[in-house]
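Please read the structure below before turning to the comments.
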Amino acid sequence: MLEAGCNRKTTLISLGGGVVGDLTGFVAATFMRGINFVQIPTTLLSQVDSSIGGKVGVNFKNYKNIIGSFYQPKGVIIDTETLKTLDEREIINGLGEVFKYGLIMDYDFFLWLNDNLNSILKLENNYIMNIVKKSLNIKKIIVQKDEKESNIRKVLNFGHTIGHGIETLDDFNTFKHGEAVVLGMMLESLISTEMGLIDRKYYIEIIDSLSRLVSPVKFSAFEQKQIMNAIKHDKKNEKGKIVLVLPIGKGRVNIYNNVDEKLIEKSLKDGVVI
Ligand SMILES: NC(=O)c1ccc[n+]([C@@H]2O[C@H](COP(=O)([O-])OP(=O)(O)OC[C@H]3O[C@@H](n4cnc5c(N)ncnc54)[C@H](O)[C@@H]3O)[C@@H](O)[C@H]2O)c1
Ligand SMILES: [Zn+2]
């Protein structure tokens with residue numbers, strides 16, 4: 001950047017998915033102690049999630065987003081036309097985070113997503129616009145209350161404690177972020193059921209719905225170990241305790257840091273069954 005003549009007045013523009021956005025934001029946050037940047041997200045995941053909220057960073061070795069910062073863009077420009085060149089797997093990747101918003105805060109939105117999944121996958125404009133607006137509004141409400149994730153913002157991590165563990169498998173080459181989050185939400189819902197926080201009927205409703213995005217996976221003993229190891233090193237942990245966001249009712253979740261590790265191991269061993 002120095003060789004290209006960049007200075008404190010430079011504005012960086014990130015045009016691309018969440019990876020480009022997180023990296024550009026991190027560079028903007030640290031170059032000359034911070035320069036302006038603008039996000040132009042071009043994947044569904046980045047349009048509904050990563051482009052707002054100010055979390056920027058990069059992975060290091062096998063640790064997810066372990067080097068990073070909170071740094072807000074000066075603006076975010078979203079054009080849903082860009083989604084037309086994405087394949088269905090990338091749309092589903094983004095939908096993982098969208099279904100998450102329904103499950104953590106808006107059960108009616110979750111029901112609407114289930115009813116309209118076919119039109120959504122066809123990228124019908126009204127449906128996609130509704131998804132982007134609703135998702136960003138939910139994220140905005142939460143982030144405005146707790147920008148630095150000291151409390152309520154943690155609810156956005158539903159599916160992410162186990163999901164980040166799953167994402168690290170095979171050096172991040174098997175599952176996309178949103179796919180891993182879907183699998184994480186399934187297993188965290190299973191833990192909720194085991195703890196008696198939600199009933200079996202709601203659990204089955206969640207699994208039936210999420211299975212339309214990603215089929216449940218049975219992990220090998222080796223993979224279960226790898227996932228557990230990554231979970232134990234997660235930066236979301238507090239004083240050595242694993243933090244889990246668990247469903248407690250329709251469109252409602254709560255934050256727990258006292259879940260027995262054995263329950264997480266058991267959920268990975270048993271897997272979800274449909
Ligand atoms: N900062 C946050 O708050 C936050 C939130 C969620 C996820 N993330 C991060 O975002 C990353 C995932 O982002 P992503 O899902 O956008 O993945 P990505 O950035 O890897 O993009 C997916 C693929 O789509 C391609 N692509 C981008 N736009 C395209 C377009 N319009 N048409 C065709 N191809 C296109 C990219 O080149 C890439 O190959 C993960 O690293 C995740 O950790 C960050
Ligand atoms: Zn995510």
Side-chain angles (χ1 to χ4, degrees), residues 13-29 37 39-60 62-73 76-105 123 128 131-132 135-136 138-140 142-144 146-149 153-169 171-185 188 210 213-214 230 234-236 245 253:
I13 296 176
S14 98
L15 176 71
V19 168
V20 173
D22 282 8
L23 173 64
T24 310
F26 178 66
V27 173
F37 88 113
Q39 294 260 29
I40 309 182
T42 59
T43 60
L44 184 60
L45 185 138
S46 55
Q47 294 190 354
V48 297
D49 188 357
S50 63
S51 61
I52 73 154
K55 276 192 185 180
V56 296
V58 290
N59 302 340
F60 179 65
N62 221 24
Y63 301 113
K64 181 85 185 143
N65 296 332
I66 202 76
I67 302 172
S69 181
F70 287 96
Y71 197 69
Q72 300 292 350
V76 181
I77 299 166
I78 295 176
D79 181 353
T80 53
E81 279 293 302
T82 61
L83 304 181
K84 297 203 166 135
T85 46
L86 292 171
D87 60 29
E88 190 165 275
R89 190 171 172 202
E90 285 299 343
I91 300 299
I92 285 175
N93 181 36
L95 286 177
E97 302 280 7
V98 176
F99 275 65
K100 177 193 78 180
Y101 291 128
L103 288 167
I104 62 172
M105 215 168 125
L123 299 182
I128 291 294
I131 280 182
V132 174
S135 299
L136 291 181
I138 293 174
K139 183 156 182 184
K140 186 184 88 177
I142 295 172
V143 173
Q144 277 181 340
D146 173 25
E147 187 183 359
K148 300 275 163 70
E149 199 174 286
R153 184 170 178 169
K154 289 185 187 137
V155 300
L156 290 168
N157 292 328
F158 175 43
H160 285 62
T161 300
I162 298 183
H164 276 171
I166 294 171
E167 203 178 346
T168 59
L169 291 177
D171 279 338
F172 297 92
N173 283 318
T174 305
F175 296 104
K176 292 181 179 290
H177 177 78
E179 293 171 337
V181 168
V182 169
L183 296 170
M185 288 193 287
E188 290 174 10
L210 296 180
L213 301 179
V214 182
D234 198 290
K235 65 184 174 327
K236 293 188 288 300
V245 177
V253 291

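What you see below is based on every heavy atom in this structure, not just the backbone, and it leaves out hydrogens, waters and symmetry mates. Order of listing sets the numbers, starting from 1, for every ligand and every atom in it.
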Check the pair Asp49 / Ser135 against side-chain contact (heavy atoms from CB on, under 4.5 Å), numbers first and verdict last. CA-CA 7 Å; Asp49 188 357; Ser135 299; over 6 Å; no
Mind checking whether His164 and His177 have parallel, tilted or perpendicular rings, split at 30° and 60°? tilted
Option whose closest heavy atom lies nearest to atom 15 (O) of ligand 1, chosen from Thr43, Asn93, Val20: Asn93
Heavy-atom proximity to atom 2 (C) of ligand 1, picking from Ser50, Pro41, Gly163, points to Ser50
Sequence-distant partners of Glu97, salt bridge (Lys or Arg N to Asp or Glu O under 4.0 Å), two or more places apart: Lys100
Contacts of type salt bridge (Lys or Arg N to Asp or Glu O under 4.0 Å), residue Asp234, not counting sequence neighbours: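 If we apply the salt bridge (Lys or Arg N to Asp or Glu O under 4.0 Å) test to Asp234, skipping adjacent residues, the hits are Lys236.
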Under-4.0 Å heavy-atom contact between protein and [atom]:
{"atom": "atom 6 (C) of ligand 1", "result": "yes"}
{"atom": "atom 39 (O) of ligand 1", "result": "no"}
{"atom": "atom 35 (C) of ligand 1", "result": "yes"}
{"atom": "atom 30 (C) of ligand 1", "result": "yes"}

Keeping to residues at least two apart or across chains, list the salt bridge (Lys or Arg N to Asp or Glu O under 4.0 Å) pairs with something in residues 154-169.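 Residue pairs passing salt bridge (Lys or Arg N to Asp or Glu O under 4.0 Å), neighbours aside: Lys64-Glu167, Lys154-Glu238.
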Crowding at CZ, Phe172 (>12 non-hydrogen neighbours, <6.0 Å): yes
For [atom], find the nearest protein heavy atom and state the residue, atom name and distance (0.1 Å precision).
{"atom": "atom 3 (O) of ligand 1", "value": "Lys139 NZ, 3.6 Å"}
{"atom": "atom 28 (N) of ligand 1", "value": "Thr42 OG1, 2.7 Å"}
{"atom": "atom 10 (O) of ligand 1", "value": "Gly18 CA, 3.5 Å"}
{"atom": "atom 43 (O) of ligand 1", "value": "Lys64 NZ, 2.7 Å"}

Answer with side chain, backbone, both or neither: which part of [X] has a heavy atom less than 4.0 angstrom from an atom of ligand 1?
{"X": "His160", "value": "neither"}
{"X": "Glu90", "value": "side chain"}
{"X": "Lys55", "value": "both"}
{"X": "Val56", "value": "neither"}
{"X": "Val19", "value": "both"}

Of all heavy-atom pairs linking Pro73 and Ser51, the shortest is CG-O, 3.9 Å
For Val214 versus Ile92, what's the shortest heavy-atom pair and its separation?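 That would be CG2-CG2, 4.3 Å.
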If you count the atoms of ligand 1 from 1 in the order shown, which ones are under 4.0 Å from a heavy atom of [X]?
{"X": "Thr82", "value": "30 (C), 31 (N)"}
{"X": "Thr85", "value": "30 (C), 31 (N), 32 (N), 33 (C)"}
{"X": "Asp49", "value": "5 (C), 6 (C)"}
{"X": "Leu45", "value": "6 (C), 7 (C), 10 (O), 12 (C), 13 (O), 15 (O)"}

So do the side chains of [X] and [Y] get within less than 4.5 Å of each other, counting heavy atoms only?
{"X": "Asn59", "Y": "Ile66", "result": "no"}
{"X": "Ile78", "Y": "Val132", "result": "yes"}
{"X": "Ile142", "Y": "Met105", "result": "yes"}
{"X": "Val20", "Y": "Leu15", "result": "no"}
{"X": "Val143", "Y": "Leu156", "result": "yes"}
{"X": "Gln39", "Y": "Gln72", "result": "no"}

Ile67 vs Phe26, side-chain contact (heavy atoms from CB on, under 4.5 Å): CA-CA, chis, key distance, verdict: CA-CA 9 Å; Ile67 302 172; Phe26 178 66; 3.5 Å; yes
Between Asp22 and ligand 1, is there a nitrogen or oxygen pair with a distance under 3.5 Å?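 Indeed, backbone or side chain, Asp22 has an N or O that close.
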For the Zn ion (ligand 2), which protein N/O/S atoms are closer than 2.8 Å?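 Correct list: Glu97 OE2, His160 NE2, His177 NE2.
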Could you check Thr42, Thr80, Asp79, Thr82 and say which one makes a side chain to side chain donor-acceptor pair (under 3.5 Å) with Gln47?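 Checked Thr42, Thr80, Asp79, Thr82 against Gln47; only one passes side chain to side chain donor-acceptor pair (under 3.5 Å): Thr82.
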